[in-house]
Amino acid sequence: MKSLEQLVRPNIWKLAPYSSARDEYAGKEASVFLDANENPYNSPFNRYPDPLQRELKKQLSKIKDVPEDMIFLGNGSDEAIDLCYRVFCEPKQDNVVAIEPTYGMYKVCADINDVEYRPVLLDEHYQMNADKLLGAVDGHTKLIWICSPNNPTGNALQREEIVKVIKGFDGIVVIDEAYSDFSAQKTFRSEVTSLPNVIVLNTFSKAWGLASIRLGMAFASADIIRLFNKVKYPYNVNLLTQQQAMEALKDPFETDKWIKMLLGERTRLMAAFELLPICEKVYPTDANFFLAKMTDAQGIYDYLVGKGVIVRNRTRVQLCNNCLRITIGMKGENNELLSALRQY
Ligand SMILES: *Cc1c(COP(=O)(O)O)cnc(C)c1O
């Protein structure tokens with residue numbers, strides 16, 4: 001790995017961050033707060049939230065088994081994705097390499113930040129070849145994007161290939177594990193303390209059932225987390241979000257229950273798809289969705305919309321011709337989808 005100073009944009013490396021009132025006095029013991037130009041009325045919403053979300057990170061650290069100073073929290077994973085570009089990639093000069101197809105935000109954020117995006121096609125089983133990925137790297141490649149289990153394909157990538165990329169690249173490897181709660185595969189989050197060039201992304205939007213509160217996590221070395229904290233908006237995670245996440249963390253067994261039910265429904269729904277005459281192939285999945293190759297994805301998609309059932313049409317995505325992406329819902333919702341498809 002190159003040194004962090006070689007990898008980080010020079011302006012970010014030198015950046016003196018904004019210092020908020022809550023940074024300069026972070027204690028709670030005082031009884032009179034006249035430092036932040038807040039309104040003294042309308043408690044608790046009158047006060048700025050903790051810019052570093054310390055209480056929440058303390059709880060999260062136990063559940064994720066990652067030290068608090070190796071956790072970044074943002075306004076969805078999308079904030080962490082954007083920060084990777086803003087911290088590491090010089091516009092018009094640096095580039096990033098990514099598997100293809102994958103989550104669309106990696107490319108959108110590259111385009112917004114004016115950073116060249118180099119997609120490398122997966123094979124026909126949606127697996128990644130490490131040498132092919134590393135072959136797309138040059139001296140200006142700062143990041144490699146890997147998503148496992150991958151979206152929209154659903155499958156987990158082979159661990160040995162990911163390890164090969166981590167070992168063979170001198171920049172930063174970002175591994176998006178948004179769906180790892182649905183997978184039996186070993187995570188890279190659990191190894192992040194011994195992988196200085198890896199950033200792992202997690203989210204509250206999927207298994208935790210909290211997409212509306214917008215809370216994403218990044219796990220990385222304390223040095224990388226410090227850079228993220230320096231560049232983020234000072235109060236990027238609001239109080240309501242922090243409180244709601246704390247509530248959820250008090251009862252992780254509820255989340256486990258949801259995961260079990262969704263995995264059961266996933267098995268049932270995939271088996272039913274295998275039997276549909278209009279379904280040509282059901283792809284293996286490690287996520288709370290699966291990809292199905294249909295006889296006519298566009299026609300079936302339009303028909304389902306007419307029935308008030310919305311799935312994701314991925315037919316225009318590379319390697320996903322005629323594929324629909326099906327999110328696992330509640331039993332009744334899945335049955336509505338199936339009975340509509342049986343009448344197509
Ligand atoms: C859904 C999803 C996310 C979650 O993004 P948030 O901004 O945290 O809601 C992240 N990565 C992938 C691959 C996803 O599919």
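Start at 1 with the first residue, then count along the sequence. Both counts, for ligands and for their atoms, begin at 1 and track the order of listing.
- Residues Trp145 and Asp176 form no side-chain contact, since every pair of their non-hydrogen atoms from C-beta on lies 4.5 Å or further apart.
- Under 4.0 Å from ligand 1, the heavy atoms of Asn151 that appear belong solely to its side chain.
- Protein heavy atom at the shortest distance from atom 2 (C) of ligand 1 is Lys206 NZ, 2.4 Å.
- The part of Arg214 lying near ligand 1 is the side chain, judged by heavy-atom distances below 4.0 Å.
- The closest donor-acceptor contact from the side chain of Lys230 to the backbone of Leu15 lies under 3.5 Å.
- Each of the atoms 13 (C) of ligand 1 lies under 4.0 Å from some heavy atom of Cys147.
- What sits closest to atom 9 (O) of ligand 1 on the protein, heavy atoms only, is Ser205 OG, 2.7 Å.
- For Phe289 and Tyr179, the distance between ring centers is under 6.0 angstrom.
- Ring geometry, Tyr106 versus Tyr103: the interplanar angle exceeds 60°, so the pair is classed perpendicular (tilted spans 30 to 60°).
- Heavy atoms of Tyr179 found under 4.0 angstrom from ligand 1 belong exclusively to the side chain.
- The number of heavy atoms from other shown groups lying within 6.0 Å of OH (Tyr25) is above 12.
- Taking the ring centre of Tyr85 as origin, the terminal cationic atom of Arg9 falls outside the region bounded by 6.0 Å and 45° from the ring axis.
- For Ala178, every heavy-atom contact with ligand 1 shorter than 4.0 Å involves the side chain, none the backbone.
- The protein atom (non-hydrogen) at minimum distance from atom 10 (C) of ligand 1 is Asp176 OD2, 3.6 Å.
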